[in-house]
Amino acid sequence: MALVMYWYDFVCFGIVAAAIAVTLWMQWRRELASTCDDNVRYQSLLVARPDANDHRAVYALMPRNHVSSSQLWTSCWKGVHPGWLLATRFISFLVMGGLLLTDLLDWDATIFVYYTE
């Protein structure tokens, strides 16, 4: 019984090897950066916003890389209207709901039961 390998097997091996190499390179870069600077970009999400009526005082107390709550759901491209973002997300929600409904109609509720033994 011999192992038969085709050309597309080597393509798959190459894709996996490239993904592993890129992952190791990214982790090495992150570890090297963490030895120099301990600044985490999203650590400001844990900082509670101080109560103040003066917005300049609030911004002066915030860390430099503070991510506000509006930045968590809006696009980084300022030219896009938030209504388009909402519409895109709603259409995606409807498509995913339709796919879930199709699975439910085809396979019944047993589609959610997985064989785990």
Side-chain angles (χ1 to χ4, degrees):
M1 194 187 242
L3 176 66
V4 179
M5 295 186 70
Y6 297 101
W7 65 270
Y8 49 81
D9 294 329
F10 293 107
V11 171
C12 292
F13 295 151
I15 291 171
V16 170
I20 290 172
V22 169
T23 301
L24 291 174
W25 179 73
M26 295 283 282
Q27 287 180 347
W28 175 73
R29 294 268 316 206
R30 178 65 186 139
E31 290 298 321
L32 182 65
S34 69
T35 59
C36 301
D37 186 17
D38 236 328
N39 189 9
V40 178
R41 180 176 179 170
Y42 298 111
Q43 77 183 20
S44 64
L45 292 174
L46 302 175
V47 176
R49 185 175 177 161
D51 293 330
N53 292 333
D54 186 17
H55 293 291
R56 289 176 298 194
V58 169
Y59 291 128
L61 294 173
M62 287 294 160
R64 184 176 62 89
N65 290 333
H66 177 70
V67 179
S68 66
S69 62
S70 66
Q71 289 174 330
L72 294 176
W73 65 272
T74 58
S75 172
C76 56
W77 182 43
K78 300 299 180 193
V80 137
H81 190 273
W84 286 109
L85 291 173
L86 180 65
T88 303
R89 291 172 182 161
F90 184 69
I91 290 170
S92 300
F93 173 74
L94 291 178
V95 167
M96 294 302 289
L99 290 172
L100 182 63
L101 183 64
T102 303
D103 280 343
L104 281 172
L105 293 176
D106 286 347
W107 298 97
D108 199 13
T110 58
I111 191 75
F112 298 116
V113 178
Y114 297 103
Y115 184 73
T116 58
E117 292 181 10

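Bear in mind that the values here come from a model prediction, so they are computed numbers and not experimental data. Note that these values count all heavy atoms, side chains included, but never hydrogens, waters or copies made by symmetry.
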Tyr6 versus Asp9, closest heavy-atom pair with distance: N-OD2, 2.9 Å

Report yes if some heavy atom in the side chain of Val16 is under 4.5 Å from a heavy atom in the side chain of Phe13; otherwise report no. no

Is any side-chain heavy atom of Met26 closer than 4.5 Å to one of Thr23? no

Sequence neighbours excluded, which residues qualify as ring pair (Phe, Tyr, Trp, His ring centres under 6.0 Å) partners of Phe112? none

Met96, CE atom: more than 12 neighbouring heavy atoms under 6.0 Å: no

Does Phe10 share a hydrophobic cluster with Leu3, counting links as ILVMFWY side-chain heavy atoms below 4.5 Å and allowing steps through other members? yes

Trp107 and Leu100: same hydrophobic cluster, using ILVMFWY side-chain contacts below 4.5 Å? yes

Identify, with sequence neighbours excluded, every residue that meets side chain to side chain contact (heavy atoms under 4.5 Å, CB included) alongside Val95. Ile91, Leu99

First locate atom CG of Asp103, then atom CG of Asp108, and finally report the distance between them rounded to the nearest 0.5 Å. 11.5 Å

Between CZ on residue Phe93 and CZ on residue Phe90, distance to nearest 0.5 Å: 7.0 Å

